[in-house]
Amino acid sequence: MSAMTEPFPSPRAASVPDRPSLDGLEDKWGPVWQEEGTYAFDREAALAGPREDVFSIDTPPPTASGSLHMGHVFSYTHTDCVARYKRMAGFNVFYPIGWDDNGLPTEKRVQNYYGVRGDATLHHDPDFEPPFRGDARSTRAADETPISRQNFIELCEELTVKDEATFESLFRRIGHSYDWSISYRTIDDTSRATAQQAFLRNVTRGEAYQAEAPGLWDVTFQTAVAQAELEARDYPGHYHRIAFHAADGPVHVETTRPELIPSCVALIAHPEDERYQRLFGTTVRTPLFGVEVPVLAHPAVEMDKGAGIAMCCTFGDLTDVIWWRELRLPTRSLITRTGRLQREVPEWLLGGPGEHLYDGELAGKSAFGAREAVVAALRESGDLEGEPTPTKRMANFYERGEKPLEIVTSRQWYIRNGGRDADLNAALIRRGEEIEFHPSFMRSRYANWVSGLNGDWLVSRQRFFGVPIPVWYPVAADGETDYDHPIVPSEAELPVDPAANPPAGFTEDQRGVPGGFVGDADIFDTWATSSLTPQIAGGWRGSDGSSPDPLFEKVFPMDVRPQGHDIIRTWLFSTVVRSHFEHGCVPWAHAAISGWILDPDRKKMAKSRGNVVTPEEVLKLHSADAVRYWAASGRLGTDAAYDTGQIKVGRRLAIKVLNASKFALSFGDVAGDPRAQVSHPLDLALLAGLRDVVERATESFEAWDFTRALEVTEQFFWSFCDDYLELVKDRAYGAQGDAAAASARATLRLALDVVLRLFAPAGDARSRRCRAGRHPQGEVRGEGRHAGRGSVDDVGRIGRGARPRARRGARPPGCRSPHRGARLRPRRGAGGAGRRARAGRQAGRLTPHAWAGLVPVRPGPDRGPRRRPATGRSADRWAARRPRGCPSR
C-alpha cells in the first residue's frame, strides 16, 4: 500500500507525564533519533530514483576556531527549518555537515591557546610540549615560543578536533537534523585532494597562473591578502606639504606617507588640470634623494584633493598599483614582508644625495619610524612647507588584522575571476542571474561585487595550516629556481605536500640542490578549499580521482546554498567561479541569505568584536525549542537583534504545547479511525480552519518564508488553546453524551497531530516528544526517513491528482551533471501557476495538506453547505526549478 493510501495509524496508549517539562528532552531524545537514523540520507534510494526526489543542501562549514555564538545558531537554524520541511514534503534530503578547520583564524587561535608561533626554519621535535594549553597569559608575538612547521600543524590538528567535537555537541543539542554520517573537514584527505585536483585542472586550462606582482600584505599574519578579505577603516595620519624640484621652481605635493619618497616613480595630475599642463612631459627631482621622476597625466587623480597632484610610489596604495600598471612605470619597492624598509640601499639611490640618509636613518626601520626620520630631514632641508596637518585617511586592513596592509611585490598564485577579463566578468554576472536569491535583492550584492573587481583571485597564502599548493619547481644547474616550468603530480597521487614529499622521479636528498627541486611552501587560501564544498560533500573526485562517486550527479548542482550576506563576495562568488570553470553551470539553484545577529548597540555579533553571546547557557536556561523559536522568527536577509524576550516567548509556547498535548492525550486511546468520529459542528469548523492554516503555512514555506509559516501556526495554536479547548472540555469529558465526547476527543487528537507537524520544522524536542506518544513505537511520522508515511489519505481528495514528474531534458554528451529541462527562472510576466505548470509535479509527492497530516472535513446534510475544497499545491515547488545541465570538460 502506498504512502498516500495507507490508513491512519492506530494510536498507541499515550504516555502522559504528570508535569510536562522541557528540561532534559534534548538529552533524552537526541540519542534515540541518532540510533534510529531518523534524519539519515537514503543513498540507495537516491541512486535508484530520479534526481528530482533528492533535495541537496550545501551546508556552510563553520570555522573551527573557538566557539559558536548566537549568530551561528540563528542562521544554521534557518537552514534546518528548510531541511525539515523538505523532508516532511517527501524529499530524500542530502544534508551534510562540514568543519572549516584551516586558515588564518585557526592559526591565530592556536597561537593564542598554546603560546606558540610557527617557524619554517626549525626542525620537527617529536617530543614537543607546548608551554600553555588554553591558559597563555600573553598574545604578543615576542612572548610566543617558535616551533617547527610540523609541530605547529600538529597543534592545529589537535585543537580543531577539540573545537569540532564541541560544535557537534552544540548542534546536536539544538536539534539540527544533519546526517552526521556525511561529514567532512576542509583539512582531511578528501578535501585536500579535491582542492588540489580542482586547482591542477585550473592550471592546465589556464584559469590559474603564477605571477610576480604587487599585492596586499598583512605584516602581522605575514601573508598575502585577497581583495575579498579587505576592510576599509579610518586610520589617523597627517598631511605633509612637500616640495619637489622642477626647472622653474618647486611643485608641492600633499601626502600622508612621506616615508615612501625614496620609492617615488612619478608625479601624476589630472589631464584637464590647467595648473600642471606645463609640467606634463617634463621631470622633477624628489626632495632629499634627488631622483628624476616624470610628471604624467591620469584621469584617476582628484583635482580638488590636496594640491591636485600626487606622487606615485611603488607601492603606497592600490591607486599606485593602477598607475604603475597603466602608465608602465618602473618598480622601486622598499617595503618588505616584515613591514620594514629593506636594509640595503636601493640601487637607484646609490651615489645620490640621499644615499647616506637612507643607509643611516631609514634602512630596516618600520614605516612609522621611517616616516619620523624623513619628516625630520624634510624639515631640516626646507622641503617641508608648514607643519603636518592631522587627518584621517581610509586605509585597507585585512578583515581580521589590526595594522594597515602594505603592498609588497611577491610571487603568488591566482585564479582568474573576471577582475582583469571583461568577458569572464560578464559571464560570472550572468551566472548570478541563474541563481534564485532569497531574498531577491541579494542578487544585486553579488552583481555589484563582481562588476567592481579590479584583480584576479589571489589564492596562495604564506602560512602553515592549510591545503598545500601541489607544485614543485626544478632547480637549474646554476642553482636558480625555474618557476616557469612547475612539476605537478598526477591526480591519483593526491593529496600531496610538496614541502614534505619529493615529486615522482626525485629523491628527498635532491631538495634545494642544483639539478633537483624545491617544493612550493605556500598553502591555499581557505576560500580556495571552501569554494568546493559541493564537490567535497557530493564526492566529485571519487575515491581515487579517476571518476566521481555515482551519488554526485544525484546531488549536484545542489538545490540550495544557505549563508550570510557578508560572505557573498567570498564564499558564494568563489564557489560560482569554481563551478563555472569545472562544470560549466552554477553550483546550486537557490541561495538562501541570512541576516546578522546584532548586539544591543546594533553592531554585528562577532568573536572578533568581543560582543558574542555563547549558546550553551542560553540553551540550558531556556531549552532548544525556545532558541529555535527565536531563530525561526527572523526572516531571511534581515538583521535581527539578540532578544532574550523572544526566547522566553518561545519557551512559554513550548510549555503550552506540552500542556495542550497532555490534555488531548489524557483521554486515552481513540478506538477505530478518529476521522470517522468527527461529527460536531464546532469540531468540523476547527478542522476546516486548520486546513487553511496548513495551506498558508505551505505557501509560506515554498516562498522560503518559514517565519510566516511559524506565525500562522502559532496564531492558530493560541486560538486553539484559548478558545477551542475551553469550549470543548465539558463535552470531551462526556457532559453531552458519548457521540459528542467521541467527536471532541478525536478532534483533539487529530488537531494535535497536525499542529505538531506544523511546528516541527521550527521546533524540535517538544513536537517530537508529544508525537512519540501519539504513534506506534514512538515513530514521528512526516519526518525523517519515512516522511509522509501514515499521512491522512483523504486529504489527497483536496486538489490531488496524477502529477507527472518534472521533465528531464536531453543530457549533452559527456555531461557529468544531470540536465534538467525545467527553466531555472520564470519567464517574465508569468505568475506562480505558470511556473508550477512548467516545472511539473512529482508523482507520489505529498500535497500541502499531507505533509502536515491534515484530516478531511466531511460536513453532512445537516451541517450546513459543503465547504469548497482548497486548491492543492505541490509541496515540491521549491525545487522544481533547477539549473540546467552543464557541458563536460
Side-chain angles (χ1 to χ4, degrees), residues 212-217 219 235 237-246 251-270 276 279 283-298 300-302 305-342 344-349 352-355 357-358 361-363 365-375 377-378 383-384 388 391 393-396 404-410:
E212 181 88 23
L216 293 161
W217 185 268
V219 298
Y235 190 71
H238 291 80
Y239 270 122
H240 305 77
R241 185 173 174 83
I242 300 169
F244 281 66
H245 305 289
V251 179
H252 289 95
V253 172
E254 294 187 18
T255 179
T256 59
R257 301 204 65 180
E259 73 276 12
L260 295 180
I261 290 175
S263 66
C264 181
V265 293
L267 293 189
I268 303 178
H270 196 281
Y276 303 108
L279 292 175
T283 61
V284 297
R285 285 180 294 110
T286 61
L288 303 179
F289 302 96
V291 178
E292 293 280 341
V293 297
V295 181
L296 304 174
H298 194 281
V301 179
E302 300 176 59
K305 183 176 181 180
I309 189 169
M311 66 175 188
C312 176
C313 304
T314 51
F315 297 91
D317 57 24
L318 291 175
T319 305
D320 284 343
V321 177
I322 295 172
W323 288 337
W324 166 80
R325 181 181 295 123
E326 295 184 2
L327 299 176
R328 301 181 182 276
L329 297 171
T331 302
R332 295 172 181 166
S333 183
L334 292 180
I335 304 293
T336 65
R337 293 187 175 192
T338 63
R340 296 177 176 272
L341 274 64
Q342 69 179 48
E344 301 79 17
V345 178
E347 61 180 32
W348 61 90
L349 299 182
E355 178 180 357
L357 171 63
Y358 189 93
E361 300 292 335
L362 304 181
K365 284 199 171 182
S366 67
F368 180 79
R371 185 178 309 145
E372 288 186 328
V374 169
V375 170
L378 289 170
D383 292 322
L384 178 66
T391 185
R393 63 185 177 93
M394 293 301 292
N396 286 317
L405 297 171
E406 295 291 353
I407 297 179
V408 176
T409 300
S410 59

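The chain is numbered in sequence order, starting from 1.
Met311 CE to Ser263 OG: the interatomic distance, rounded to the nearest 0.5 Å, is 7.0 Å. Note that CD1 of Ile407 is 5.5 Å distant from CG of Leu216, once rounded to the nearest 0.5 Å. The structure places NE2 of His238 at 9.0 Å from OG1 of Thr391, a figure rounded to the nearest 0.5 Å. We find the CG-CD1 distance between Leu334 and Ile261 to be 11.5 Å, quoted to the nearest 0.5 Å. Residue Glu302 holds its CD atom at 10.0 Å from NE2 of His270, rounded to the nearest 0.5 Å. Arg340 CZ to Leu362 CG: the interatomic distance, rounded to the nearest 0.5 Å, is 13.0 Å.
In this structure, His240 contributes its side chain and Pro388 its backbone to no donor-acceptor pair below 3.5 Å. Between the side chain of Gln342 and the main chain of Glu344, a donor-acceptor pair closer than 3.5 Å is present. Under a 3.5 Å cut-off, the side chain of Arg371 and the backbone N or O of Arg257 do not form any donor-acceptor pair. Looking only at distances, a side-chain donor or acceptor of Trp348 sits under 3.5 Å from a matching main-chain atom of Pro262.
The side-chain heavy atoms of Leu357 and Phe289, taken from C-beta on, include a pair separated by under 4.5 Å. At a threshold of 4.5 Å between non-hydrogen side-chain atoms, the residues Leu378 and Pro287 count as touching. Side-chain contact between Asn396 and Leu318 is present, with heavy atoms from C-beta onward closer than 4.5 Å. In this structure the side chain of Thr255 never reaches within 4.5 angstrom of the side chain of Tyr239, judged on heavy atoms. Side chains of Leu341 and Ile335 form a contact here, defined as non-hydrogen atoms less than 4.5 Å apart. Two residues are said to be in side-chain contact when any heavy atoms from C-beta on lie closer than 4.5 Å; His245 and Val284 fail this criterion. Inter-residue side-chain proximity for Cys264 and Phe244 is flagged as met; some heavy-atom pair is nearer than 4.5 Å. Taking the side chain as every heavy atom from C-beta outward, Ile268 and Ile309 never approach each other to under 4.5 Å.
Closest heavy-atom contact between Glu406 and Ala367: OE2-CB, 4.0 Å. Closest approach of Asp320 and Cys312 over heavy atoms only: OD1-CA, 3.6 Å. Scanning both residues, Gly316 and Leu260, for their nearest heavy atoms gives CA-CD1, 3.4 Å. Considering every non-hydrogen atom in both Ala373 and Lys365, the closest pair reads CB-NZ, 4.5 Å. Taking both residues in full, the closest heavy atoms of Pro294 and Val265 are given as CD-O, 3.2 Å, listed atom of the first, atom of the second, then distance.
When each of Thr319, Thr314, Thr331 is paired with Trp324, the side-chain hydrogen bond (donor to acceptor under 3.5 Å, both in side chains) condition holds for Thr331 and for no other.
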